[in-house]
Number of protein chains: 2
Amino acid sequence: MNLTVAEENYIKAIYKLQEGDQAVTTNALAYELDTKPASVTDMAKKLKEKKLIDYEKYQGITLTPEGRKTALQVVRRHRLWECFLVDKLSFSWEEVHELAEELEHVRSEKLINRLSDFLGNPVIDPHGDPIPDAHGRMAKPRPQTPLDQANAKRLVVTAVSDQSTALLAFLNAKGIKLGTQLEIVAHYEFDNSIEIKMKHLSSLTISEQVAKNIMVRPL
Amino acid sequence: MNLTVAEENYIKAIYKLQEGDQAVTTNALAYELDTKPASVTDMAKKLKEKKLIDYEKYQGITLTPEGRKTALQVVRRHRLWECFLVDKLSFSWEEVHELAEELEHVRSEKLINRLSDFLGNPVIDPHGDPIPDAHGRMAKPRPQTPLDQANAKRLVVTAVSDQSTALLAFLNAKGIKLGTQLEIVAHYEFDNSIEIKMKHLSSLTISEQVAKNIMVRPL
DNA sequence: TTAATTATTTAGCTTTGTCTAAATTTTAAT
DNA sequence: ATTAAAATTTAGACAAAGCTAAATAATTAA
């Protein structure tokens, strides 16, 4: 199947938004891809034609098995390039998302498999997200929750949404990265803020907005 | 200047075809890019608008200084990716051209400069072509001639056209690569063939067709 | 259950890069 | 210096991917 860059981006976004077997809505997809609902409808027809999605008008979108396979390939490419950029070219984690968005569209199984070997076949990317293997199999992520919903006191950072460069830069500035251990000191409902403390450092306060993009598991 | 992939490919092709200050013809460019002369005319108008080429109708195309700069950037990216693929991912030289054609369009100065550092700032690519530095400066290639026009008997292979995968695979099979030393045993005018001999090997006969894609210098 | 709101789709237009066929200009040959 | 051939450009069309505005369907609220 020969897909355009736009088609691959749609498939990837649908994969990302799909939870369980709930259909992805036109609006949600438009928002995710920073485009208009009308454009999504157009593309939905094309992707249905190519049997990558199931789509009936007004009923939302779900990936077919074929579509899911495609999505996993794109995700694999994206995450391997992120590893390359961080591990080999010394980029920091907040810089790599945009570059990987471009590199991921170079479609060559051979290239990507060799890249994986070169990197030592990593199973998670620099943001803590699992990397699908050549067959689309992925280590199922360890149970993790957004920091704003964590109930345990002592936690480890396991992943961070890689969508916002600003967020990643902010976390960098605060010294928060994958594997960082922290404790929840207090959760203030009245202003939606959370006070946390990292080893050897004074505590700091972050907004729920930020906290919900930081995934953690109990230590 | 924000260029599309198509625009970059045109600029690169014009750079490749331009010899001295001779204008590149519409037809030659169409042939090089595997497209139609009418399409070239259309694109020429756009590139002129962007001040990357000088173009007057029926008069052919030349790069402006700005266009040349752009071309050198694309060539730099292409050749560095070729180095990466060969040196780090163990591709052979005939496989890398097509992949580099895609990778070269990821536009990030930071990425490409870090890639260059990572590779040890190479000055020639796997086909022997010089790599422009970050400022567009390029080691001027040592004097070299196509094998079919060489007059010296003992020669070293300095470069090979990377355009044809078939050619590169053929050379691979014969054991001819960069740095290979060979002698011209005879040049048969009547059937346009050349007999060459490599150290420790029996002589072999190749066509002028092939020979003119092999660049050599006297040993 | 009807009305209002929200979500989605349709229709028609735009841009980029391509094409074919026809017209025009340049070059080469007699 | 004409004329024939080759090269180039113009005109008009198309596909991909997007947009806006208007129409329609689905959902929510009164």
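Heavy-atom basis, side chains included; hydrogens, waters and symmetry copies ignored.
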Rounding to 0.5 Å, atoms CD1 (B:I214) and CD1 (B:I176) come to a distance of 5.0 Å
Of all nucleotides in DNA chain C with an atom under 4.0 Å from a non-hydrogen atom of chain B, which is the first and which the last going 5' to 3'? C:dT16 to C:dT26
For DNA chain C, determine which residues of residues 19-28 of chain B have any heavy atom closer than 4.0 angstrom to one of its atoms, and list them numerically. none
So, do B:H127 and B:H97 have ring centers that fall under 6.0 Å from each other? no
A:E66/A:K50 salt bridge by N-O under 4.0 Å criterion: no
Looking at B:R79 and B:E104, is any side-chain nitrogen of the basic one under 4.0 Å from a carboxylate oxygen of the acidic one? no
DNA chain D-proximal residues of residues 57-64 of chain B, any heavy atom under 4.0 Å: B:K57, B:Y58
A:Y31 OH: over 12 foreign heavy atoms closer than 6.0 Å: no
Quick one: ring-ring contact (aromatic ring centres under 6.0 Å, His included) partners of A:Y10, sequence neighbours excluded? none
Please list each protein N or O that sits under 3.5 Å from an N or O in nucleotides 15-18 of chain D, with the distance.
residue, atom, partner, partner atom, Å
D:dA17, OP1, A:T4, OG1, 2.5
D:dA17, OP2, A:K46, NZ, 3.3
D:dG18, OP2, A:Y10, OH, 3.4

Listed by chain and number, what are the side-chain contact (heavy atoms from CB on, under 4.5 Å) partners of B:D87, not counting sequence neighbours? B:C83
For the atom pair CG (B:L29) and NZ (B:K16), what is the distance rounded to the nearest 0.5 Å? 11.0 Å
Is the closest basic N to carboxylate O distance between B:K48 and B:E56 below 4.0 Å? yes
Determine, for B:E8 against B:R77, whether the closest basic-nitrogen to carboxylate-oxygen distance falls under 4.0 angstrom. yes
Strictly distance-based, threshold 3.5 Å: is any side-chain N or O of B:D34 a donor or acceptor partner for the main-chain N or O of B:A30? no
Could you tell me whether B:Q209 atom CD has more than 12 heavy atoms of other residues or ligands within 6.0 Å of it? no
